[in-house]
Structure formats: structure tokens, C-alpha cells
Novice: 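This is the structure I have questions about; it appears just below.
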There are 2 protein chains.
Amino acid sequence: MAKASDKAYDTIRAMILSGELAAGDQLAEETLAERCGVSRTPVRDALRRLEAELLVRRSDSQRTFVSDWSLDDVEDAFELRAMLEGMAARRAAERMDQATIERLRLCNARLGAAIRGARADVASFLEENRLFHEIILKAADSRRLASLLGSLIEQPVVWRTAQHYGPGAFARSHSEHEDLLAAFARGDGAWAEAVMAGHIRRAFHVYADAHRGMTAIDRGAA
Amino acid sequence: MAKASDKAYDTIRAMILSGELAAGDQLAEETLAERCGVSRTPVRDALRRLEAELLVRRSDSQRTFVSDWSLDDVEDAFELRAMLEGMAARRAAERMDQATIERLRLCNARLGAAIRGARADVASFLEENRLFHEIILKAADSRRLASLLGSLIEQPVVWRTAQHYGPGAFARSHSEHEDLLAAFARGDGAWAEAVMAGHIRRAFHVYADAHRGMTAIDRGAA
DNA sequence: CTCGCTCACGTTGTATACAATAACTCTTTT
DNA sequence: AAAAGAGTTATTGTATACAACGTGAGCGAG
């Protein structure tokens, strides 16, 4: 694997998501290169990747800035995810085989185990959740769809969302996955699509509620 | 504008689409650099862009190859386009203002003029068609949506499709655009979405029939 | 004859130097 | 004083040299 290029990518991405680089800040390739401990070449590669994910934005003439993520932007991302993952679920349902259903069942069983008990194991939940969606996306068997969704799923956003899940929200995620399994078992694409779209949209509202709470606190503090 | 980088991008893309580089061929950066008359650096940039558009594919260890475009792949692309442009049309309808409607009306009037008469002016048709869709996409006001669609709309595919339009198909495109205008004028997002999705799917079938060497749509539409 | 190992070559990744270009500032003129 | 212009600086684009790495071919042993 390309080492320096990925290092630059991870580092810059982390700096953006942690707020170390604020929205609107200019990103000079040479400065970033120093802070990442690599040369400008891999930094350029990293910036191109981040640009494709819309985490950074290139000005009219090629200077790059940290893009500002309003709630509207996040809502856009979720709306697109709901539509595309819905499509993935439909296609997956139309192509599903027994072995894949079994893998999904196991995966969701582990997810269920992770959230049972007094304190949910959020890390395991996230990992199993990621895997569950990944299996479906692979079963959908469309390179283009996978490519588009790849640039859309911001794991940090997913992470932040899950931080605000209560016990009920975890359980609902689990049971929505079970609904998906039922739809897959019957090869009902329309059902799978509907459940998946709802699944994603619910996640958005958890995020939005948490965001509004944070904003309110921020305003109060200022 | 970055000169060498775009030159490399355009050149390689043209070589792929013209068949000068066959599907499955390996793309060595240095070879391409020579043929484009630039160095490897801009070639690398170009390959990254082409990779994002799925025109090339990177093997397990970083060698790049021309990806093979089966009819299924093209169908995937059209299916995604239908969904995403449908979404764009719905959002546009919900945000439409009078000035934009007027621009669209003018644009479609020019499109209509281009296809009236004995021989359709295909170049003008394509340009006005592109502009029409671009205005809608801009009115949809979603950076992410625009970004995803940008990597999806293969102008050469659109071009090849239009080459197989008969007089009826041209007229049909024009009148579907008129339907969209009616939906926009009433702010009816669901209508706009449905018309747009059908519009794109019809284009796919024209392409698919041409691909199979048939002319069924021409007969049907005329 | 086949399997495996090694060495050479081809290809990509990274660093650095230089060229081009856009932004900024300071000066000058009206 | 405001605006325009030129020179300076900051930043990106490009080329090239070198390093790392995987691949394949050729050779030797079983």
C-alpha cells in the first residue's frame, strides 16, 4: 500500500474532522506536507481524494480550502445515501443468495449481541453495522453504485450519529436490519428499498436532533 | 487552467473512447506521458480523474487498466442517472423561480428549432440538451448531487445515443422537456421527478437498441 | 518435466527543483 | 483620498531523478 499518500490523507482528514483545521481555512500544500512529514506529491494526491469527497473545496483558481459543512449539506448527503442505499438494497434483494443471507444474519446477530446488556458496545455496533451495509452493497453488484456511495458515506458522521443513539435507537437499528433480512429472504426488492430508505432517514434525524442540541449549547455559551 | 494535466486527461480519455486503447489494456504512466507530450506528473492526475469516472480501473497493486464497459455497466450508469437526475428535477421543482423557468423555456425553444426541418442539427440539439439539464442541476442546489452526477454523465455515451435518434425520438425529447417545464411551473416535484426518470430511461433504451443493432425505437416513435 | 528460487526489469511512489501564475502590497497618479 | 499599476511574495503546476516494490523470466534442482 502506498504509505506516504495514505498517511497524508488520513492526517489531513483527521485534522479537518477534529476541527484542528477550521472551515474556510486555506490549505497550502507545502504547509500540509510539513505537518504530515511527507513531500508535496502525496499531499496533492490526498487533496484530490478529499476534494472528491467534498471535504475540501478548490477555489476559482486552484487554491484549496476546508469546506464548511452546514446542516443542509449533511442533509443532502443523507438524502442521497437514503436513495442510493435504497437502490442497493433493492438490487441486492433481486440478486440475493442463501449464503449471503446467512452472512447477514450472523452479522446482525453479532450486532444484536453488542448492544444487549447495560452498556452498548458502540465500537462493535459500528463495525458490524458497517459490515452489514458493505455486504449488501457488494450483493447489489454495481461498480458505479459502490463508487458513488463510497464517496458519500462519511464514517465520522456515522460515528457522531451513533454517539447520540439511546438504547431504543440501537434496538431499532437492529430490528430494521431484521426487516431487511426478511425482505431479502423473499426477494422483495421494493420492500428492501423502502426499509433501507427509512433506516437511513431515521439516522439523519438522530444526527439532526443532536446537531441542533449542540448548536443550542454553542449559542448559549457564546 | 492547468494545461498539461487537462491535455493528458483529454488525450487519454479520447484514446479510450475511440478504442485506440482497448478494454483490458494496461496503462503505463511513462508510455502515456510520451504519447501525450507531458511528464508523468500530470498523467498521474489524469489517471486519478479517469479512475473516479470508472473509465480506468486499478489492479490490486496499483497498475491501471482500461476498464471494460459491458452493456450492463452502461445500464447501471443510466439507472443511476435516472434516479439522480430525477431527484435533481424534484429538488429543482421545489426551488424553481420565474427567471430560471424562462431560461429553460428559451433553451428548449432553441432545442426545438434545431430539430425542426428535414435534417436535425444534432450538434445544436446536444448542446441545448446539455444546457437544459445543467440549468436544472444547478437549480437543484446540492453540491453533492452535482458532484455525483458529474462523474456519471458520459458525454460520449450521450453523443452515441443521439446518433441513433430518429425524428420521432428528437421530438419526444423536446416534448418531455416541455412536460418538465409544466411540472416546474406548478412546483410539482413528484411530477418533475417522474418525467425526468422516464426521460433518462427512454434514452437508455435507445442506446441499448442501437447497441444491439436494431432500430425499433425509431419505428415506434415515428 | 515441473516446481521453486533468484535476479533483473518494468512500473509505480516519493522527493525535490524549477516554472508559471495568482494574490497582495506599496507606490504613484488623478 | 481612491484607484490603478507594477513589483514582490505566496502557492500551485510540471518535470525529472531516485527509491521501493511487485512481476515475470530464466535457471537450477528435485
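To find a chain, count down the sequence lines: A is the first, B the second, and so on, and within it residues start at 1.
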Novice: Keeping B:S67 on the side-chain end and B:L55 on the backbone end, is there a donor-acceptor pair under 3.5 Å?
Specialist: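 Indeed, once roles are kept as given, a pair shorter than 3.5 Å links the two residues.
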Novice: Within the pair A:T41 and C:dT14, is there a side-chain N or O less than 4.0 Å away from OP1 or OP2?
Specialist: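 Checking A:T41 against C:dT14: no side-chain N or O falls below 4.0 Å of OP1 or OP2.
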Novice: Pick one: which of A:E20, A:E53, A:E51 meets salt bridge (Lys or Arg N to Asp or Glu O under 4.0 Å) with A:R13?
Specialist: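 Single pass found, and it is A:E53.
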Novice: How would you label the contact of A:L27 with the nucleic acid (heavy atoms, under 4.0 Å): base, sugar-phosphate, or nothing?
Specialist: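 The residue A:L27 makes sugar-phosphate contact but no base contact.
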Novice: For B:D45 and D:dT14, give me the distance from atom CG to atom P, rounded to whole Å.
Specialist: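 In whole Å, D:dT14 P lies 7 Å from B:D45 CG.
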Novice: Side chain of B:S5 only, heavy atoms from C-beta on: which candidate in D:dT12, C:dT14, D:dT14 is closest?
Specialist: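 Taking heavy atoms from C-beta onward, the closest nucleotide is D:dT14.
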Novice: Separation of B:K3 atom NZ from D:dT14 atom P, in whole Å?
Specialist: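 Taking atom P of D:dT14 as the reference, NZ of B:K3 is at 9 Å.
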Novice: Could you tell me whether a side-chain N or O of A:S151 sits under 3.5 Å from a main-chain N or O of A:A52, the two making a donor and an acceptor?
Specialist: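 No: the side chain of A:S151 does not pair with the backbone of A:A52.
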Novice: Can a donor-acceptor pair under 3.5 Å be found between the side-chain atoms of A:S61 and the base atoms of C:dA22?
Specialist: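 No such pair is found, so the answer is no.
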Novice: Starting from the 5' end of DNA chain C, give me the residue, A:R63 or A:P42, whose nearest nucleotide shows up first.
Specialist: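 Looking at DNA chain C, the more 5' nearest nucleotide goes with A:P42.
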Novice: Quick one: is D:dT12 close enough that its OP1 or OP2 comes under 4.0 Å of any side-chain N or O from A:R44?
Specialist: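 So the side chain of A:R44 is outside the cut-off, no N or O lying under 4.0 Å from OP1 or OP2 of D:dT12.
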Novice: Verify the contact: side-chain N or O of B:R58 to OP1 or OP2 of C:dG13, cut-off strictly under 4.0 Å; return yes or no.
Specialist: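 Answer yes for this pair, as a side-chain N or O of B:R58 is under 4.0 Å from OP1 or OP2.
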Novice: Just to verify, what does B:H199 make a ring pair (Phe, Tyr, Trp, His ring centres under 6.0 Å) with, not counting sequence neighbours?
Specialist: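 Partners of B:H199 under the ring pair (Phe, Tyr, Trp, His ring centres under 6.0 Å) test: B:H133, B:H177.
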Novice: Which listed nucleotide (D:dT14, D:dG13, C:dA15) is nearest to the side chain of B:A4?
Specialist: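 For B:A4, the side-chain atoms sit closest to D:dT14.
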Novice: Whole-Å distance between D:dA10 P and A:D25 CG?
Specialist: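 The answer, rounded to whole Å, is 18 Å.
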Novice: I'd like to know whether CZ of B:R48 has more than 12 heavy-atom contacts from other residues, nucleotides or ligands below 6.0 angstrom.
Specialist: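 More than 12 heavy atoms, drawn from other residues, nucleotides or ligands, come within 6.0 Å of this atom.
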Novice: Residues of residues 28-36 of chain B with any non-hydrogen atom less than 4.0 angstrom from an atom of DNA chain C: list those, numerically ordered, please.
Specialist: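 Nucleic-acid contacts, sorted: B:A28, B:E29.
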Novice: Return the value, rounded to whole Å, for the distance between atom CG of A:D60 and atom C1' of C:dA23.
Specialist: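 To the nearest whole Å, that distance equals 11 Å.
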Novice: Rounded to whole angstrom units, what separation is found between the CZ atom of A:F65 and the P atom of C:dA22?
Specialist: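 Atom-to-atom, A:F65 to C:dA22, this comes out as 14 Å.
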Novice: Verify the contact: side-chain N or O of B:R40 to OP1 or OP2 of D:dA15, cut-off strictly under 4.0 Å; return yes or no.
Specialist: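 Checking D:dA15 against B:R40, no side-chain N or O comes under 4.0 Å of OP1 or OP2.
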Novice: Tell me whether the OP1 or OP2 atom of D:dG22 has a side-chain N or O from B:Q62 closer than 4.0 Å.
Specialist: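 For D:dG22, OP1/OP2 do not have a side-chain N/O of B:Q62 under 4.0 Å.
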Novice: What's the closest nucleotide to the B:T64 side chain, out of C:dT12, D:dA10, D:dT16?
Specialist: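 Minimum distance to the B:T64 side chain belongs to C:dT12.
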Novice: Sequence neighbours left out, what passes side chain to side chain donor-acceptor pair (under 3.5 Å) with A:R91? Give chain and number order.
Specialist: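 Once residues adjacent in sequence are excluded, the partners of A:R91 under the side chain to side chain donor-acceptor pair (under 3.5 Å) criterion are B:D76, B:E79.
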Novice: I want to check something: taking the side chain as every heavy atom from C-beta on, are B:V38 and B:T11 in contact at a cut-off of under 4.5 Å?
Specialist: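 Answer no - side chains too far apart.
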